[in-house]
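Before any comments, here is the structure.
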Amino acid sequence: MASNTAVVEKKTSGFDSLPIAVQMLIGIGVLLLIAAIGFAVFFAVDLLLLDFDPIGKLASAIFG
């Protein structure tokens with residue numbers, strides 16, 4: 001009696017075939033990039049809205 005066992009080949013992406021240390025370094029790099037973009041957006045909002053105060057200038061121009 002022969003058993004019919006299906007052989008399932010798992011297809012891996014190029015990232016999965018990299019060594020674990022390289023995957024870890026790429027992950028840390030991506031997290032640092034996300035943090036840098038977040039701080040840049042925060043800095044831009046802080047600089048534009050709080051330091052230059054365009055909304056306050058507009059309100060004082062209309063009502064003042």
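Note: hydrogens, waters and symmetry copies are ignored here, and every other heavy atom, side chains too, is used. Position 1 is the first residue of the sequence; numbering continues from there.
- Chaining together hydrophobic side chains whose heavy atoms lie under 4.5 Å apart places Ile62 alongside Leu58, Phe63.
- In this structure, Leu31 has no side-chain contact (heavy atoms from CB on, under 4.5 Å) partners at least two apart in sequence or on a different chain.
- Counting side-chain heavy-atom gaps under 4.5 Å among Ile, Leu, Val, Met, Phe, Trp and Tyr, the cluster of Ile28 also holds Met24, Leu32.
- Note that CZ of Phe42 is 5.0 Å distant from CG of Asp46, once rounded to the nearest 0.5 Å.
- Heavy atoms of other residues, nucleotides or ligands lying less than 6.0 angstrom from CG of Leu47 number more than 12.
- In this view, Ile20 satisfies the side-chain contact (heavy atoms from CB on, under 4.5 Å) rule with no residue, not counting sequence neighbours.
- Hydrophobic cluster membership for Val22: Phe15, Leu18, Ile26, Val30, Ile34 (Ile, Leu, Val, Met, Phe, Trp, Tyr linked by side-chain heavy atoms under 4.5 Å, directly or transitively).
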